[in-house]
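A quick write-up on the structure given underneath.
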2 protein chains.
Amino acid sequence: MANIKDVAKRANVSVATVSRVINNKGYVNEETRMLVEKAIKELNFIPNEVARSLYKKVSKSIGVIFPHLSNPFYYYVLEGIEALAFEKGYKVIICNSNEDKSREEEYINQFIKYNIDGIIIGSNSSLNARYIELNIPIVSIDRIIHDDVPSVTSDNITGGYLACKKLIENGCKSIVHFRGPSILLTVKDRSLGFNKCLEEHGLTCYQVDLAFINPEREIIATFLKEHEEIDGIFCDSDLIGAVVLSELNRLGRKVPDEVQVIGYDNNPLCSLLTPALTTISQNMFEIGKEAMLSLNTIIEKMELKDKHKTIPVELVERESTKKLVG
Amino acid sequence: MANIKDVAKRANVSVATVSRVINNKGYVNEETRMLVEKAIKELNFIPNEVARSLYKKVSKSIGVIFPHLSNPFYYYVLEGIEALAFEKGYKVIICNSNEDKSREEEYINQFIKYNIDGIIIGSNSSLNARYIELNIPIVSIDRIIHDDVPSVTSDNITGGYLACKKLIENGCKSIVHFRGPSILLTVKDRSLGFNKCLEEHGLTCYQVDLAFINPEREIIATFLKEHEEIDGIFCDSDLIGAVVLSELNRLGRKVPDEVQVIGYDNNPLCSLLTPALTTISQNMFEIGKEAMLSLNTIIEKMELKDKHKTIPVELVERESTKKLVG
DNA sequence: AACTAGAGTGGAAACCGTTTCATTTTTTAT
DNA sequence: ATAAAAAATGAAACGGTTTCCACTCTAGTT
């Protein structure tokens, strides 16, 4: 690999001049510039970004830490991040913390070692105070980890509210909320909205806690068997919704005529299920884009007006819900 | 941020000694080591990997380029890559080429600029000869891009064969193969195996070409409507399988009694469908792991015995297939 | 003619580690 | 006691780039 010295030698100039040419900065005679450019081409020279980053302490790359990649939510967010990052000239380094806090911290350390310009983190654990002190630009997704750390979250309260409203308006009387892990803020918020609406109508509901990604089929099956009166179901993820639909089908309960089901996320899977799943759509691409936008703002030391952004949700109606007449 | 000089000053030693301590290399007196370690802790010193990488020309990180992340296949592969990479101390940089060859090349250039140690690429386009000349360790996934570039592919030929065998053994007479984009090697290979088995039984089948990720529902619907005689369906992805099941359901055709369906990938989605989808399982995690293993072997300049690895597949039987009696 | 501003260029320091080599001190073997 | 080997340490070079500063030269101003 040719380096800047080789180019300088070949073009019969100093390295400083070559640097000025590649960075388009400072005075360079037009003829000299041509000479240098010719040498660059001939030697197939690519400036070494590591050396550059060493000097400038800026790497034009950002780190993303997600608890797992197998949750569709994250990769749609990722596509949003990537889209804007690419546009702004940032490389994206993606790491998988596996929900493991120590691994998360190890990755943050790596990022620091690599002069990373900023971090987007989708974490369920709270951030070590050390990192806030370090003053690296960080944006959190789907959770507010610290008042000083900007965040982008989905409007989970409204999400829960909308789902509940739809079920009640559709005539459901006996409702269950299959929730995700109740430690999560997102889950808490959805419950908040859901229960608020319930309350407004003088109703209550069952609550069952499940895993997000691999929902426990037996718990769902047992609950549904023991509660034949259930006619409205809200699930905290479409994956839970899919299992619920599958179990209802097994039990011979008709959806949406006997039971109505609403999922969460608007996973592409929804329209593949039978019946297609009504769901709360999170604009994941937008979440990613906004997070990257916030991050860019902090990196460039501009003022961030909206420290904690909330992205609106909407209900997407498919075949698993239906307004019951009478 | 403290640097190695600050540590040296604080511990009253030279930077060389500090370097020896952090790298655990060369002679260091036990007492001195303690002193240095104390200073490191006090100053919260984290060695700058950029400087390190500049000198050593090794970055302990690898780049992964995938055409998109929204295909579940890729993120399971990714988890395999990550698992081994983490173990071996590599950071993983993931890039999304969006099937765009120029973006792919841009990312490879970035990787070079960053002294990346190796690249795993899941590409549909053939690799520019330049990169092979550059002699960076590269491993390709799901495709053989060059005889000299090691690869890890799934045993697609056997996958196609197994699917066909199952359909025929189960009593299917009129078979259709809903294929992915026929430019892809994977798709070609599956057809190869599938048709071989067909031939062995003196049969032929329909072939319909579709997109992998967002299969065209109308094409599938039209075909199924026009071909009521179909009793066996092989799909090149589970997503295609899901749409097929949904359309069959809409047409009132019973699965598996009237039509049998086999998908491909063993996407978690399979067990959520009704009926649960029989599929050819690709061990994606294993593919990722093996790719990382090959890459590590080349990076460390050890001999790679198996240049082109093939990962076995297996048929996972669920509810969408059934041995017909009589 | 003397003076100044700006164009054009190169030398060298800086970024932050690693490594080589030389030197000193300690230990072991004879 | 002495030579030889091993342990411990620091000075300095190195990696590839950017940038500051100093310098030369030309053109324009009084």
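Order of the sequence lines fixes the chain letters, A, B, ..., with proteins taken first and strands second; residue numbering starts at 1 for each chain.
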Distance only, no hydrogens: is a donor on one side chain within 3.5 Å (strictly under) of an acceptor on the other, for [X] and [Y]?
X      : Y      : answer
A:S102 : A:D100 : yes
B:S59  : B:S61  : yes
B:Y90  : B:N296 : yes

Would you call A:R103 and B:E82 a salt bridge, using N to O less than 4.0 angstrom?
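Looking at B:E82 together with A:R103, the answer is yes, because their closest N to O distance falls below 4.0 Å.
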Sidechain N-carboxylate O distance under 4.0 Å for B:E37, B:R20:
no
Integer-rounded Å distance: [N] [atom2] and [X] [atom1]:
X     : N      : atom1 : atom2 : value
A:E30 : C:dT9  : CD    : P     : 10 Å
B:I46 : C:dC16 : CD1   : P     : 14 Å
B:N24 : C:dT18 : CG    : P     : 12 Å
B:K5  : C:dG17 : NZ    : C1'   : 10 Å
A:E31 : C:dG8  : CD    : P     : 11 Å
A:L54 : C:dG17 : CG    : P     : 9 Å
A:R33 : C:dG8  : CZ    : P     : 10 Å
B:R20 : C:dC21 : CZ    : P     : 14 Å

Touch check for [X], heavy atoms < 4.0 angstrom, all strands: base, sugar-phosphate only, or nothing?
X     : result
B:S53 : nothing
B:K57 : sugar-phosphate
B:S19 : base

I need the residues from residues 7-14 of chain B with at least one non-hydrogen atom less than 4.0 Å from DNA chain D; give them sorted by number, or say none.
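By residue number: B:N12, B:V13, B:S14.
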Look at the side chain of [X] and the backbone N and O of [Y], then say whether any donor-acceptor pair between them is shorter than 3.5 Å.
X      : Y      : value
B:D306 : B:K309 : no
B:D142 : B:G122 : no
A:N96  : A:P67  : yes

Closest listed nucleotide, where the reference is the side chain of B:K56 and the choices are C:dT19, C:dC16, C:dG8:
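Within the option list, the nearest is C:dT19.
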Counting side-chain heavy atoms from C-beta on, which of C:dT18, C:dA12, C:dT9 comes nearest to B:V15?
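Selected nucleotide (nearest to the side chain): C:dT18.
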Residue pair A:Y55/B:A51 against DNA chain D: nearer the 5' end by closest nucleotide is B:A51
Using the closest heavy atom to pick a nucleotide of DNA chain D for each, name whichever of B:R52 or B:V28 lands nearer the 5' end.
B:V28
5' to 3' on DNA chain D, which nucleotides open and close the contacts with chain A (atom under 4.0 Å from a heavy atom)?
D:dG16 to D:dT19
Sole residue of A:V92, A:I94, A:I93 in side-chain contact (heavy atoms from CB on, under 4.5 Å) with B:I93:
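Result for side-chain contact (heavy atoms from CB on, under 4.5 Å) with B:I93: A:I93.
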Restricting to pairs with a member in residues 40-56 of chain A, which pass salt bridge (charged side-chain N to carboxylate O under 4.0 Å, His left out), not counting sequence neighbours?
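Every pair satisfying salt bridge (charged side-chain N to carboxylate O under 4.0 Å, His left out) with a residue in residues 40-56 of chain A: A:R10-A:E42, A:K38-A:E42, A:E49-A:R52.
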Counting just side-chain N and O atoms, does B:N23 come under 4.0 Å of either OP1 or OP2 of C:dT18?
yes
